[in-house]
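What follows is a set of notes on a single structure, which appears directly below.
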Amino acid sequence: MSQVRVRFAPSPTGYLHIGGVRTALFNWLYARRHHGAFILRIEDTDQSRSTEEAITAILEGMRWVGLDWDEGPYRQTDRMELYREHALRLFKAGQAYWCVCTAEELEERRKEALAKGLQPRYDGRCRERGIANPTGDAALRFRAPQEGQTVIEDLVKGRVVFDNAVLDDLIILRSNGYPTYNFSVVVDDALMGITHVVRGDDHLTNTPRQVPIFQALGFQVPQFGHLSMILGSDKARLSKRHGATSILAYRDMGYLPEAMLNYLVRLGWSFGDQEVFSLQEMIERFSFDNVQKSSAVFNPEKLLWLNAQYIKQSEPKRVAEQLQPFLERAGVGAEAAGKSGEWMERLVLAFRERSQTLEEMAQAAIPYLRSDIQMDEAAAKKFLTPAIAPLLERLADRFAAVPDFDKEGLEAAFKNVIAEAGIKMGELAQPVRVALTGRTASPGLFEVIDLLGRDGTLERLRRAVSRAQRA
RNA sequence: GUCCCCAUCGUCUAGCCUGGCCUAGGACGCCGGCCUUUCAAGCCGGCAACACGGGUUCGAAUCCCGUUGGGGACACCA
């Protein structure tokens, strides 16, 4: 059996969206599963819509999620001679002809047909003109089969049959010399030896247009697999109005790349009841046999849950590294840089179970990095009262007396104070929490103290005492 | 309009190909409880679906036909 060769072929007309990443992922998984090659190809033949920035964003997105490619990135604009050469070959063989209908005329006829409720296909008026050497602007059209059927044995949809009567003679070479999509894909997929064309099912109806071109060119027809679309909550195709769709936007919101891939792979694919998959597991288990035919609605809550799972399970050291840019954006980059790696890991350990994103973790970490804390006024009013002040002061004194400020000593000191005062743990814990963090919610008190250290803890406690006395 | 694809809890899905094991399983979310110094996490429990109508069959979520609904395509875009 020949080697598997698959490709991801985005057009650089915008950022890399998550639907594209899922298509890339399925291709990549299939390649890795079968020890084949995953090829990246940029389809930039639309000069007016393709941009360098988009190409950069696509590569950046692919690298971020870790979908590495074995060949490419190829750019179609670097391969123009190839398309022209094969298009002309078709012309010489009588399988393509020059068309001098103008774009305006075509557009008019198209609208007319649509208005009449007919399929807006090219009427073939240049088909028999036999123009050999067009003088002005002319496009080259493929002479598509008019009879019979084109049958596709799709890897995910199964057998799909199209009547060739619905096909029209599509333009393969524009009058500006550039190839059109349906032609350049065929030439590239054939020349690059692509064995399985796996793409979105918005391309399903392009397939019967492409198959005859493969055949006319004398190329072997690859296998096709059409993946269902990702929909928004209103069941319409996922787009900007449903929220963020750019993969890099998710990076910037604090999602982990492995969580993104795990979420995306489960959108349309499953392996029994398993929800969490390492990359290795995905590779070992992936198969088109259990790829869903129907489209899937994008569910941000489940993504968030998966992200939280990954944050919890990842190596604290790695999470700490990935957290850096978020700390910088939160304005505490310098403070974080002053901390040891070991301290940063303790920070991650304290917050990994209460952060769904890295952004959330960075926000939660602010009071532990800055010396001046932002006090929640409502919380202060409720918990830092004159009545509690003497207890806080006593606690600060006892804490100060704990020899190496270790957890056991601190806990004993804390318990002594509440026992002496005859109050419950929570009655002192909340005021202390507010005193130390400025907030009513935080990790365990002794974890907080551990992060703050002796000086930070005592200073905040004392400051809270004077504030409480004045309240 | 024409062609193509699709249809199980709100959502992602298992089951469907190879009918009975389905009183339809899991996950997210939601609700309740446990744990608890707060917030989380974790654990336990609950609500919730075979789109509809015909067949075929002893028996249909599973096979067939139709209806309805949703999506996609129909460019000198990709």
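Keep in mind that the numbers below use all heavy atoms, side chains included, and drop hydrogens, waters and symmetry copies. Labels below follow one simple rule: chain letters A, B, ... track the order of the sequence lines, proteins then strands, and each chain is numbered from 1.
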Any residue meeting ring-ring contact (aromatic ring centres under 6.0 Å, His included) with Phe298(A), in chain and number order, not counting sequence neighbours | Tyr263(A)
Side chain of Val166(A) - closest among rC6(B), rA78(B), rC3(B) | rC3(B)
With a 4.0 Å cut-off on heavy atoms, is Pro443(A) in touch with a base, just the backbone sugar-phosphate, or nothing at all?
-> base
Mapping Trp305(A) and Tyr181(A) to their closest nucleotides on RNA chain B, which lands nearer the 5' end?
-> Trp305(A)
State whether Gln309(A) places a side-chain N or O below 4.0 Å from either non-bridging phosphate oxygen (OP1 or OP2) of rG42(B).
-> yes
Enumerate the protein-to-nucleotides 47-51 of chain B contacts in which both atoms are nitrogen or oxygen and the separation is below 3.5 Å.
none

All side-chain contact (heavy atoms from CB on, under 4.5 Å) counterparts of Glu377(A), not counting sequence neighbours | Met375(A), Arg467(A)
Out of rC76(B), rG26(B), rA75(B), which nucleotide sits closest to the side chain of Pro120(A)?
-> rA75(B)
When we call it a touch if two heavy atoms are under 4.0 Å apart, what does Ser442(A) touch: a base, just sugar-phosphate, or nothing?
-> base
Sequence neighbours excluded, every pair satisfying ring pair (Phe, Tyr, Trp, His ring centres under 6.0 Å) that has a member inside residues 147-177 of chain A | none
Separation of atom OH in Tyr97(A) from atom C1' in rC76(B), rounded to whole Å | 13 Å
Please name all residues satisfying ring-ring contact (aromatic ring centres under 6.0 Å, His included) with Phe383(A), sequence neighbours left out, ordered by chain then number.
-> none
Base partner of rC22(B), which must satisfy Watson-Crick or wobble distances under 3.5 Å | none
Could you list the residues that satisfy side-chain contact (heavy atoms from CB on, under 4.5 Å) with Ile423(A), not counting sequence neighbours?
-> Leu391(A), Ile418(A), Ala421(A), Glu427(A), Leu428(A)
Quick note, Gln430(A) side chain, CB onward, closest among rC12(B), rU37(B), rC5(B) is rU37(B)
Residues that Phe405(A) engages under ring-ring contact (aromatic ring centres under 6.0 Å, His included), provided they are two or more places apart | none
With a 4.0 Å cut-off on heavy atoms, is Asn299(A) in touch with a base, just the backbone sugar-phosphate, or nothing at all?
-> base
What about Thr205(A): does its side chain form a donor-acceptor pair under 3.5 Å with the base of rC74(B)?
-> no
Looking across every strand, which nucleic acid part, if any, lies under 4.0 Å from Ile171(A) by heavy atom: base, sugar-phosphate, or nothing?
-> base
Does any residue of residues 349-359 of chain A have a heavy atom under 4.0 Å from RNA chain B, and if so, which ones, in number order?
-> Glu353(A), Arg354(A)
Rounded to whole Å, CD of Gln292(A) lies from C1' of rG15(B) at a distance of 11 Å
Rounded distance (Å) that lies between atom C1' of rG72(B) and atom NZ of Lys157(A) | 9 Å
Check side-chain contact (heavy atoms from CB on, under 4.5 Å) between Arg460(A) and all other residues, then give those that pass, not counting sequence neighbours.
-> Ile373(A), Leu436(A), Leu452(A)
With heavy atoms under 4.0 Å as the rule, sort Gly268(A) into base, sugar-phosphate or nothing.
-> sugar-phosphate
Earlier contact from the 5' end, RNA chain B, for Lys312(A) and Arg121(A) | Lys312(A)
Under 3.5 Å donor-acceptor pair, Glu275(A) side-chain atoms to rG26(B) base atoms | yes
Would you say the side chains of Gln76(A) and Arg79(A) form a donor-acceptor pair under 3.5 Å?
-> no
NA contact type, Val432(A), heavy-atom cut-off 4.0 Å: base, sugar-phosphate, or nothing?
-> nothing
Leu369(A): side-chain contact (heavy atoms from CB on, under 4.5 Å) partners, not counting sequence neighbours | Leu327(A), Val332(A), Glu335(A), Ala336(A), Lys339(A), Trp343(A), Ala365(A)
Thr77(A) and Tyr178(A) side chains, donor-acceptor separation under 3.5 Å = no
In Watson-Crick or G-U wobble terms, with both distances under 3.5 Å, the base opposite rU68(B) is rA7(B)
For the side chain of Leu204(A), starting at C-beta, report the closest nucleotide among rC4(B), rC6(B), rC12(B).
-> rC4(B)
Could you tell me whether the phosphate oxygens of rA14(B), OP1 or OP2, come under 4.0 Å of any side-chain nitrogen or oxygen in Ser270(A)?
-> yes
Complementary nucleotide of rU2(B), counting Watson-Crick and G-U pairs under 3.5 Å | rA73(B)
Determine the contact category for Cys99(A): base if any of its heavy atoms lies under 4.0 Å from a base atom, sugar-phosphate if only primed atoms, P, OP1 or OP2 are that close, otherwise nothing.
-> nothing
side-chain hydrogen bond (donor to acceptor under 3.5 Å, both in side chains) with Arg49(A): which of Asp46(A), Thr51(A), Thr45(A)?
-> Asp46(A)
Do Asn164(A) and Thr150(A) meet the criterion of a side-chain donor-acceptor pair at a distance under 3.5 Å?
-> yes
For nucleotides rC74(B) and rG55(B), find the distance between their P atoms and express it as a whole number of Å.
-> 41 Å
Counting heavy atoms from C-beta on, name the nucleotide in rC76(B), rC28(B), rA78(B) closest to the side chain of Lys302(A).
-> rC28(B)
In residues 228-239 of chain A, what residues come within less than 4.0 Å of RNA chain B, judged by heavy atoms?
-> Lys235(A), Arg237(A)
If pairing means Watson-Crick or G-U wobble with both distances under 3.5 Å, then the partner of rA60(B) is none
Test item: Asp154(A) side-chain N/O and His226(A) main-chain N/O as donor-acceptor pair under 3.5 Å | yes
Look at Thr45(A) and rA78(B) and indicate whether a side-chain polar atom (N or O) is within less than 4.0 Å of OP1 or OP2.
-> yes
Watson-Crick or G-U counterpart of rC30(B), or none if no pair lies under 3.5 Å | rG46(B)
Figure out the CG/P separation between Asn307(A) and rA27(B), and round it to whole Å.
-> 20 Å
Choose from rG72(B), rC5(B), rG26(B) the nucleotide whose nearest atom is closest to any side-chain atom of Asp273(A).
-> rG26(B)
Kindly indicate whether the side chain of Asn206(A) and the base of rA78(B) share any N or O donor-acceptor pair separated by less than 3.5 Å?
-> yes
Please state how far atom CZ in Phe298(A) lies from atom P in rG29(B), giving the value in whole angstrom units.
-> 14 Å
Tell me what Leu267(A) touches on the nucleic acid: a base, only sugar-phosphate, or nothing, going by heavy atoms under 4.0 Å.
-> sugar-phosphate
With a non-hydrogen cut-off below 4.0 angstrom, is His226(A) in contact with a base, only sugar-phosphate, or nothing?
-> nothing
Using a cut-off of 4.0 Å on non-hydrogen atoms, how would the nucleic acid contact of Asp168(A) be classed: base, sugar-phosphate, or nothing?
-> nothing
Least distance between heavy atoms, His196(A) atom then Val6(A) atom = O-CG1, 3.6 Å
Pairing partner of rC35(B) (Watson-Crick or G-U wobble, both distances under 3.5 Å) | none
Can you name the ring-ring contact (aromatic ring centres under 6.0 Å, His included) partners of Trp305(A), sequence neighbours left out?
-> none
Do Arg433(A) and rU37(B) have a side chain to base donor-acceptor pair shorter than 3.5 Å?
-> yes
With heavy atoms under 4.0 Å as the rule, sort Glu301(A) into base, sugar-phosphate or nothing.
-> sugar-phosphate
